[in-house]
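Keep in mind that this is a model prediction, so the values were computed, not measured. In what follows, chains carry the letters A, B, and so on, assigned in the order in which the sequence lines appear, proteins first and then strands, with residues in each chain numbered from 1.
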Protein chains: 2
Amino acid sequence: MEVALVAVAGRWATLVLREPMHGPASYGELWARLPEISSKVPAERLQVLGERELVARQRLPGFPVRTTYRLTPAGQALRPLLVELYRTGARPAGVQR
Amino acid sequence: MEVALVAVAGRWATLVLREPMHGPASYGELWARLPEISSKVPAERLQVLGERELVARQRLPGFPVRTTYRLTPAGQALRPLLVELYRTGARPAGVQR
DNA sequence: CGGTATCCACGACGATACTG
DNA sequence: CAGTATCGTCGTGGATACCG
């Protein structure tokens, strides 16, 4: 459980994971979907997600530099967990805010 | 997701939830299952879990005082999430430590 | 554009001591 | 037995500034 939690429990981690879930996403796209946040935060998240090989980075040639992020198979394996997190949090008679 | 995560992501939260999952558990039982931890930690966890009405406290009469904790229906609703956390963390090709 | 470097603040974690 | 009180430490989150 700890193992799964460290992957998913950091601040904004779920949102950072959700973008590349349905296909490659650039850093800017990712960032734009996060509400008013410093650029450091997704960078940090992506770094640890990269180290754990949950997301893969790919730099595109040219200028300005572009990078796309995609989920590795291990990253895709987190999907059911994210779904369950959503279901549990959204459950009507469920967990209190 | 945030809602579900705050319920489950605190340190030792999963272990604190697991004990009363299969029936009432006393504070001492709970504590004994946690590896070498200060008594403050489960107390703190149980307090917030109580405030969120995920666990219910019941004091037994007599001396010394005994208290049993049981999960509320909302607490039971966390079960699929805990199962999924376990599955994801334990998956062979899964998330890296 | 896609980051890194530096610094700060706050809250969680945990030890120790104490209480009803 | 079942906690509370107090205090210290450390990590995380975040702002701001800067770089290739």
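The shortest side-chain heavy-atom distance between Tyr27(B) and Leu46(B) falls under the 4.5 Å cut-off. By the 4.5 Å heavy-atom criterion applied to side chains, Thr67(A) and Arg57(A) are counted as neighbours. At least one side-chain heavy atom of Arg59(B) sits less than 4.5 Å from a side-chain heavy atom of Val65(B). Taking 4.5 Å as the limit, every side-chain heavy atom of Val8(A) sits out of range of all side-chain heavy atoms of Thr88(B).
For the pair Glu2(B) CD and dG13(D) C1', the interatomic distance rounds to 13 Å; values are reported in whole Å. Between the CG atom of Leu60(A) and the C1' atom of dC1(C) there is a distance of 11 Å, rounded to whole Å. Distance Leu30(B) CG to dC1(D) P: 14 Å, rounded to the nearest Å. Leu46(A) places its CG atom 13 Å from the P atom of dG13(D), with the value rounded to the nearest Å. Summarising the geometry, the separation between CD on Gln47(A) and P on dG3(C) is reported as 10 Å, rounded to the nearest angstrom. One can place CZ of Arg59(A) at 7 Å from C1' of dG2(C), the figure rounded to the nearest angstrom. For the pair Ile37(A) CD1 and dG3(C) C1', the computed distance is 16 Å after rounding to whole Å. Per the geometry, CG belonging to Leu5(B) stands 15 Å off P belonging to dA12(C), to the nearest Å.
How far CD of Gln58(B) is from CG of Leu60(B): 6.0 Å, rounded to the nearest 0.5 Å. Note: Leu54(B) CG to Arg45(B) CZ = 12.0 Å, rounded to the nearest 0.5 Å. In this structure, Glu19(A) CD and Leu15(A) CG are separated by 8.0 Å, a value rounded to the nearest 0.5 Å. Atom-to-atom distance recorded for His22(A):NE2 and Leu71(A):CG is 9.5 Å, nearest 0.5 angstrom.
Residues from residues 64-71 of chain A with heavy atoms under 4.0 angstrom of DNA chain C, sorted by number: Pro64(A), Val65(A), Arg66(A), Thr67(A), Tyr69(A).
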Footprint string (nucleotides 7-12 of chain D, 5' to 3'): B base within contact, S backbone only, - free, heavy atoms under 4.0 Å: ------
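Across all strands, Trp12(A) comes closer than 4.0 Å only to sugar-phosphate atoms, never to a base (heavy-atom distances).
Taking every side-chain heavy atom of Ala43(A) into account, dG3(C) is the closest of dG3(D), dG14(D), dG3(C). Which of dT4(D), dG2(C), dG14(C) sits closest to the side chain of Ser38(B) comes down to dG14(C).
Ala7(B) and Leu17(B) make their closest contact through O-CD1, 4.2 Å (heavy atoms, listed as atom of the first residue, atom of the second, distance).
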